[in-house]
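Convention: sequence-line order gives letters A, B, ...; per-chain numbering from 1.
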2 protein chains.
Amino acid sequence: MKPLTIKDVAELANVSKSTVSQYLNKRYEYMGEETRKRIEHAIAELGYHPNIVARSLRRKTTSTIGVIVANILHAFSTEIIRAIEDVCHENGFHIIVCNADDSPEKERKYIEMLRAKQMDGLIIFPTGSNLDLYERMVSENYPVVIVDRLVSEVQIPTILLDNKKATKMAVQHFVEKGYTRIGMVTTSIVRHVTPRIERLAGFKEALREYRLPIEEDYIKSLNPNQIRAGLSEMFTLKSPPQAVLAGNDLVLAEILNYTKETGINIPNDLALIAIDDVPYAKFFDPPLTTIAQPTFEMGRRAAEMILEKIQNTSVTEEVKIYRFEPKIMIRESC
Amino acid sequence: MKPLTIKDVAELANVSKSTVSQYLNKRYEYMGEETRKRIEHAIAELGYHPNIVARSLRRKTTSTIGVIVANILHAFSTEIIRAIEDVCHENGFHIIVCNADDSPEKERKYIEMLRAKQMDGLIIFPTGSNLDLYERMVSENYPVVIVDRLVSEVQIPTILLDNKKATKMAVQHFVEKGYTRIGMVTTSIVRHVTPRIERLAGFKEALREYRLPIEEDYIKSLNPNQIRAGLSEMFTLKSPPQAVLAGNDLVLAEILNYTKETGINIPNDLALIAIDDVPYAKFFDPPLTTIAQPTFEMGRRAAEMILEKIQNTSVTEEVKIYRFEPKIMIRESC
DNA sequence: CTGAAAGCGCTTACAG
DNA sequence: CTGAAAGCGCTTACAG
């Protein structure tokens with residue numbers, strides 16, 4: 001079962017391989033009407049499809065882009081991937097998705113692997129380390145777009161949420177509802193992950209703006225496996241928070257588990273807002289008030305930017321940072 | 001910024017390209033200790049990584065497998081993809097995921113595209129058409145594994161849920177809870193999609209076993225955009241069902257929307273079980289009783305099977321159908 | 001209007 | 001132990 005090649009088509013159509021290749025690339029200009037027909041029939045008869053690996057080697061482009069997400073467990077990541085995929089497919093590009101699993105080592109491995117596979121460009125949700133690799137890509141003028149996190153040391157176009165605005169919206173809503181003892185829980189900030197840092201900063205700023213005290217006991221930034229204990233600490237305070245902001249969907253799940261098990265009623269005992277509009281949030285008990293990220297638009301933009309960079313190779317414009325607007329989805333948990 | 005090739009390494013290390021290639025492929029047997037060191041250093045110094053496209057062309061394998069899902073909107077699909085990805089990455093394989101979006105035409109396009117890209121094998125959640133393509137792959141001894149649906153016309157190993165058992169479990173639970181007027185809603189079966197057909201069949205069988213009447217007005221099999229109207233019809237019957245089984249997560253969302261808007265209380269007015277253990281089901285109002293598919297195991301098995309087929313090319317064993325056990329997650333909606 | 005030839009960056013017998 | 005040569009399946013100037 002040896003695979004079909006351009007040679008088989010050429011022989012059947014009684015032309016040279018070059019001519020078949022011209023046909024495949026739709027360069028019909030100087031091609032005889034009859035020749036074209038013959039090639040067309042030969043291809044149909046054999047069921048021939050060009051070997052894209054060979055084409056890629058020769059053309060030096062693969063029409064595929066790599067996507068490395070920091071952690072695919074966030075609904076945020078999968079939604080953005082979906083949008084990227086749509087745009088890419090509309091433009092005849094494929095994507096290969098890799099999950100760095102919050103590990104800089106895995107990220108490094110994937111960047112190298114995807115570049116070795118000759119991806120035409122990379123969209124990265126960076127773990128924040130691997131600066132050397134990022135810099136190398138920039139210096140080689142290799143197309144990259146960063147999503148979700150800022151890597152300020154390096155000049156790469158970036159797509160992210162207006163995180164401060166997101167937390168401020170939440171705090172504002174808490175305040176309007178009359179809460180004053182307001183807490184926040186995020187995942188760990190040890191690796192200086194932009195959204196967490198900015199959300200925390202925005203949270204404190206908002207508190208200040210509303211002349212509310214910043215109670216450090218109400219603010220937790222923890223590894224996933226410590227969240228449980230942190231919540232327990234926070235809610236057994238003699239004066240626990242009346243309202244809490246979940247920094248992302250992973251934190252949310254922990255809070256929901258905790259309140260459920262300990263019988264804390266939302267919103268009566270505790271008002272809750274979550275950043276990330278998790279699927280089915282409106283069916284929750286109670287329906288969840290969330291701050292939604294415009295994941296679809298963010299993904300589209302990331303894809304459009306990488307495709308544009310791939311197409312206009314030479315244009316070295318200024319590096320842009322695009323911040324997207326969050327949107328509050330008011331339901332019943334606050 | 002011309003990319004590095006094996007030639008650059010060879011020159012720097014003062015050996016031939018062949019020797020570098022031997023090194024890259026870890027064929028150290030006859031290689032001088034000192035030569036190896038020199039090559040190693042040259043590679044490190046240049047930051048060289050082999051061009052995998054060129055390697056693939058030469059080796060005629062790409063170490064990547066294609067995955068085509070019928071509809072990526074189902075949580076079922078994404079969970080299985082995750083498991084496939086894990087196994088593949090453990091084995092040095094990459095995957096390219098495509099979403100056929102329930103369209104046989106898109107599926108055809110993707111199969112051709114992925115084969116042209118020289119994927120080493122394909123895992124397909126088939127739309128059910130495109131028999132000619134499936135047959136061609138079989139006759140060419142090309143590695144394929146099918147997931148979720150049966151394509152009986154063709155000899156391809158298949159992974160799917162024991163669908164009848166799934167519906168029977170649900171009916172049994174309804175019956176144990178004392179319900180006798182039991183309904184079921186699935187998405188359309190026009191294209192003879194296995195799970196829907198089998199679930200419907202299992203549903204009717206179970207009803208018969210419990211000597212319950214099969215009330216056709218309680219059974220709906222509709223396109224997504226008709227579900228809403230179908231529910232409205234069903235629940236305005238003079239004697240509507242007391243319990244209903246949602247055939248998948250898309251149907252579930254429609255039911256939840258409908259009951260919410262019309263004020264039907266679950267489980268007091270209507271008992272509900274859903275096939276597919278949607279994420280966060282335990283936080284729903286009320287916590288949802290579901291029939292879970294072992295998506296993780298199913299994905300793992302699919303990946304293992306395709307890798308095995310890729311590795312032992314010649315072995316043409318009998319074609320196996322693997323049915324996986326569903327599991328009931330009893331919560332409070334029934 | 002069509003074909004012969006070179007080359008993309010590797011790998012793999014084979015010679016020495 | 002190492003190197004020269006052929007070839008994977010295409011594309012692309014270039015010649016005619």
Side-chain angles (χ1 to χ4, degrees), chain A residues 1-40 42-43 46-64 112-120, chain B residues 1-40 42-43 46-64 112-120:
Chain A
M1 201 61 47
K2 65 173 170 304
L4 295 165
T5 74
I6 210 170
K7 187 159 167 259
D8 301 301
V9 178
E11 281 169 7
L12 185 59
N14 238 299
V15 294
S16 75
K17 295 191 298 173
S18 322
T19 306
V20 177
S21 181
Q22 307 284 20
Y23 173 89
L24 292 174
N25 292 288
K26 302 198 179 7
R27 301 187 64 79
Y28 302 137
E29 298 126 52
Y30 309 111
M31 192 175 296
E33 163 79 7
E34 206 248 343
T35 310
R36 192 171 70 213
K37 280 265 161 68
R38 276 215 315 281
I39 296 175
E40 189 182 322
I43 287 176
L46 295 171
Y48 166 79
H49 293 278
N51 179 327
I52 295 186
V53 172
R55 173 180 288 172
S56 296
L57 176 60
R58 186 55 231 244
R59 285 200 190 151
K60 295 170 148 303
T61 102
T62 53
S63 295
T64 117
E112 288 172 349
M113 171 69 109
L114 292 172
R115 292 211 56 189
K117 278 197 165 225
Q118 312 301 116
M119 301 291 105
D120 290 343
Chain B
M1 202 61 46
K2 64 174 169 308
L4 295 165
T5 74
I6 211 171
K7 188 163 166 257
D8 301 300
V9 178
E11 280 168 8
L12 184 59
N14 239 296
V15 295
S16 75
K17 296 190 298 171
S18 321
T19 307
V20 177
S21 181
Q22 306 285 19
Y23 173 88
L24 291 174
N25 293 288
K26 304 200 181 4
R27 303 186 64 79
Y28 302 135
E29 298 126 54
Y30 309 112
M31 193 175 297
E33 163 78 6
E34 207 247 340
T35 311
R36 192 171 69 211
K37 280 267 161 67
R38 278 216 313 283
I39 296 175
E40 188 181 323
I43 287 175
L46 295 171
Y48 167 80
H49 293 277
N51 180 327
I52 295 186
V53 171
R55 172 179 290 172
S56 296
L57 176 60
R58 187 53 231 246
R59 285 201 190 151
K60 295 173 152 300
T61 100
T62 52
S63 295
T64 116
E112 287 173 350
M113 171 70 109
L114 292 173
R115 293 211 55 188
K117 279 197 164 224
Q118 312 301 116
M119 300 292 104
D120 291 342

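- The phosphate of D:dT2 has neither OP1 nor OP2 within less than 4.0 Å of any side-chain N or O from B:Ser18.
- In summary, of the residues considered (A:Glu33, A:Glu34, A:Glu40), a side chain to side chain donor-acceptor pair (under 3.5 Å) with A:Arg36 occurs for A:Glu33 alone.
- B:Thr62 approaches B:Gln118 most closely through the heavy-atom pair OG1-O, 2.7 Å.
- Look at NZ on B:Lys17: it is 14 Å from P on C:dT12, rounded to the nearest Å.
- Nucleotide C:dT11 holds its P atom 9 Å from the CZ atom of B:Arg58, rounded to whole Å.
- Across the protein-nucleic acid pair, A:Glu11 atom CD and C:dT2 atom P stand 18 Å apart, rounded to whole Å.
- Phosphate proximity of D:dT11 to A:Ser21: present, with a side-chain N or O under 4.0 Å from OP1 or OP2.
- Here the straight-line distance linking atom CG of A:Leu12 with atom CD1 of A:Ile43 works out to 10.0 Å at 0.5 Å rounding.
- Place B:Arg59 and B:Gly32 on DNA chain D by their nearest nucleotides, and B:Gly32 ends up nearer the 5' end.
- Taking all atoms of both residues into account, the shortest heavy-atom contact from B:Arg38 to B:Ala13 is NE-O, 2.7 Å.
- Among the protein residues, B:Val53 comes within range of no part of the nucleic acid, since none of its heavy atoms lies under 4.0 Å from any strand.
- Relative to the side chain of B:Ile6, the nucleotides C:dC10, D:dC10, C:dG9 differ in distance, and C:dC10 lies closest.
- B:Tyr23 comes within contact range of no nucleotide atom at all, as no heavy-atom separation falls under 4.0 Å.
- A sub-4.0 Å separation between OP1 or OP2 of D:dC8 and a side-chain N or O of A:Asn51 is absent.
- Distances from the side chain of A:Thr35 to the nucleotides C:dG3, D:dC10, C:dC1 place C:dC1 closest.
- The phosphate of C:dG3 has OP1 or OP2 within less than 4.0 Å of a side-chain N or O from A:Ser16.
- A donor-acceptor contact under 3.5 angstrom links the side chains of A:Thr19 and A:Ser16, judged on distance only.
- For A:Gln118 and C:dG9, the CD to P distance is 9 Å, given to the nearest whole Å.
- Residue A:Lys60 places at least one side-chain N or O closer than 4.0 Å to OP1 or OP2 of C:dG9.
- Summarising the geometry, the separation between CD1 on B:Ile39 and P on D:dG3 is reported as 9 Å, rounded to the nearest angstrom.
- Nearest to the side chain of B:Gln22, among C:dT12, D:dT11, D:dC1, sits C:dT12.
- Taking atom NZ of B:Lys7 as the reference point, atom P of C:dC10 lies 12 Å away to the nearest angstrom.
- A:His49 places its NE2 atom 16 Å from the P atom of D:dG9, with the value rounded to the nearest Å.
- Rounded to whole angstrom, the span from the CZ atom of B:Arg55 across to the P atom of D:dG9 amounts to 18 Å.
- D:dA4 is unpaired under the criterion used here, namely a Watson-Crick or G-U wobble arrangement in which both key atom distances are under 3.5 Å.
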